[in-house]
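The sequence lines fix the lettering, A, B, ..., with proteins before strands; numbering per chain opens at 1. All heavy atoms count here, side chains included; hydrogens, waters and symmetry mates do not.
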There are 2 protein chains.
Amino acid sequence: MCARSYHHGNLRSALLIRAEETLRERGVQALSLRELARATGVSHGAPRRHFGDRQALLDALAEDGFARLGRDLDDAVREAEPDSIARFHALARAYVLFATRHAALLELMYAGKHREGAEPVYEAAERAFAVALGVISAAQEAGELVPGDPESLAKVALATLHGLAAMANSGILAGEELESVVPDAVERLLWGLRPR
Amino acid sequence: MCARSYHHGNLRSALLIRAEETLRERGVQALSLRELARATGVSHGAPRRHFGDRQALLDALAEDGFARLGRDLDDAVREAEPDSIARFHALARAYVLFATRHAALLELMYAGKHREGAEPVYEAAERAFAVALGVISAAQEAGELVPGDPESLAKVALATLHGLAAMANSGILAGEELESVVPDAVERLLWGLRPR
DNA sequence: CGAGGGATGTTGTCACTGACTACATTCGTT
DNA sequence: AACGAATGTAGTCAGTGACAACATCCCTCG
């Protein structure tokens, strides 16, 4: 931060910030611990103190990503009109916005977690999705949604959004298509979940 | 294949087969051109004749993956009862089966294609999805589905399936959940798309 | 205080990798 | 049979991740 003594102060977050930048600009495969160290003005061995290996760095990025996604979703719901439909649309918009703005990060976030040491990432994901869960539960209590396990309803809804975002990121779905397709998908989901 | 002369005969496909194996067993990051060459009993420079760089190998794997996915989807539809609902369910089952059986490959297939030289992959994807398109068009003609651009309907449907599979692969959705959630999602999709 | 122990950063090293080059062998065509 | 294109080999280079030994700093406890 300042005149740079032997110790950096908060290398860990500095590395994470820098890493997310390269991730966004040049993709995962361009993320190298050594270059990251270089860019942060620190020796090539320093990152190891904070991230045991490359995968640990990726996991930390993913965890952080879920935390930010959770905040985004939360903000969106908070700022939306207080009725279920508006909230769902806001949630969807926020998710897809995050997903397309941080495509490489999202890929990382969803990279297989059947791996030792991935528990924190997994838990971060659960926390992020808790927002959606809350919206669904509230809608159910208000009688605006069919009853049923909110967790599984939330997962289906998020899966749809995630699938759309993933297809857009991969180029299979054009970016402009998203803007019409997402609200459409939300409507259809809601229609299928409305009590009758 | 046999006494091994100077030329291999069909190194390219041998490499692809071997690569897919390691991909399945140890993930993308474990795929190395040199080890691949070693495992195929060929010099470390040989793969370069067939895949200009590592990414070209990954692209070829993805392309091949889409071809096989297309075949799987096609077979599923062909073997299903000739009514739309059964076909949709068969399609969904086949997609999710492929997606979970070849998780790492699927990740590769959907890795960002906004990249030079990714056109073949993109086109392979289109061909694979043509099956779903056909099923939807047929259902529309039979009056069992709302009219509308079949391409965009297909994309939403596939996105939902893909999202569910992706969440399962990442561990966010338990594998057993899929079996109940997928048919459920199909029903809901169909319900929202049925003419009324 | 001030010593010492833990946390953090540095330097050096190793095996491995992808990319590239020059060269060898084989195949297909004429 | 000859020759050019396709395919495989051998050698090399810079970059990388992992690791170990060492340096520096911070903080606590006597």
ring-ring contact (aromatic ring centres under 6.0 Å, His included): pairs with one or both residues in residues 141-163 of chain A, sequence neighbours excluded: A:Tyr110-A:His162

Pairwise salt bridge (charged side-chain N to carboxylate O under 4.0 Å, His left out) hits with a residue in residues 36-56 of chain B, at least two apart: none

Nearest-0.5 Å distance, CZ of residue B:Arg12 to CG of residue B:Leu15: 9.0 Å

Sequence neighbours excluded, every pair satisfying salt bridge (charged side-chain N to carboxylate O under 4.0 Å, His left out) that has a member inside residues 19-37 of chain A: A:Glu20-A:Arg68, A:Arg26-A:Glu35

Rounded distance in Å - CG (A:Leu36) to P (D:dG15): 17 Å

Check nucleotides 17-21 of chain C against the protein and report each pair of N or O atoms closer than 3.5 Å, with its distance, or say if there are none.
residue, atom, partner, partner atom, Å
C:dT17, OP2, B:Arg38, NH2, 2.6
C:dG18, OP1, B:Leu33, N, 3.2
C:dG18, OP2, B:Leu33, N, 2.9
C:dG18, OP2, B:Arg34, N, 3.1
C:dG18, N7, B:Arg34, NH1, 2.5
C:dG18, O6, B:Arg34, NH1, 2.7
C:dA19, OP2, B:Arg54, N, 3.0
C:dA19, N6, B:Arg34, NH1, 3.1
C:dC20, OP2, B:Arg48, NH1, 3.3
C:dC20, OP2, B:Arg48, NH2, 3.4

Pair listing, ring-ring contact (aromatic ring centres under 6.0 Å, His included) test, anchored in residues 23-44 of chain B, at least two apart: none

Phosphate contact (C:dG9 OP1 or OP2) by A:His50 side-chain N/O below 4.0 Å: yes

Contacting residues from residues 21-28 of chain B, given that a heavy atom lies under 4.0 angstrom of DNA chain D: none

All side-chain hydrogen bond (donor to acceptor under 3.5 Å, both in side chains) counterparts of A:Asp184, not counting sequence neighbours: A:Arg188

Gap between atoms CD and C1', on B:Gln29 and D:dA18 respectively (whole Å): 15 Å

Hydrophobic cluster partners of B:Trp191 (side-chain heavy atoms under 4.5 Å): A:Trp191

Whole-Å distance separating the CG atom of B:Asn10 from the P atom of C:dC27: 14 Å

Contacts of type side-chain hydrogen bond (donor to acceptor under 3.5 Å, both in side chains), residue B:Ser84, not counting sequence neighbours: B:Glu144

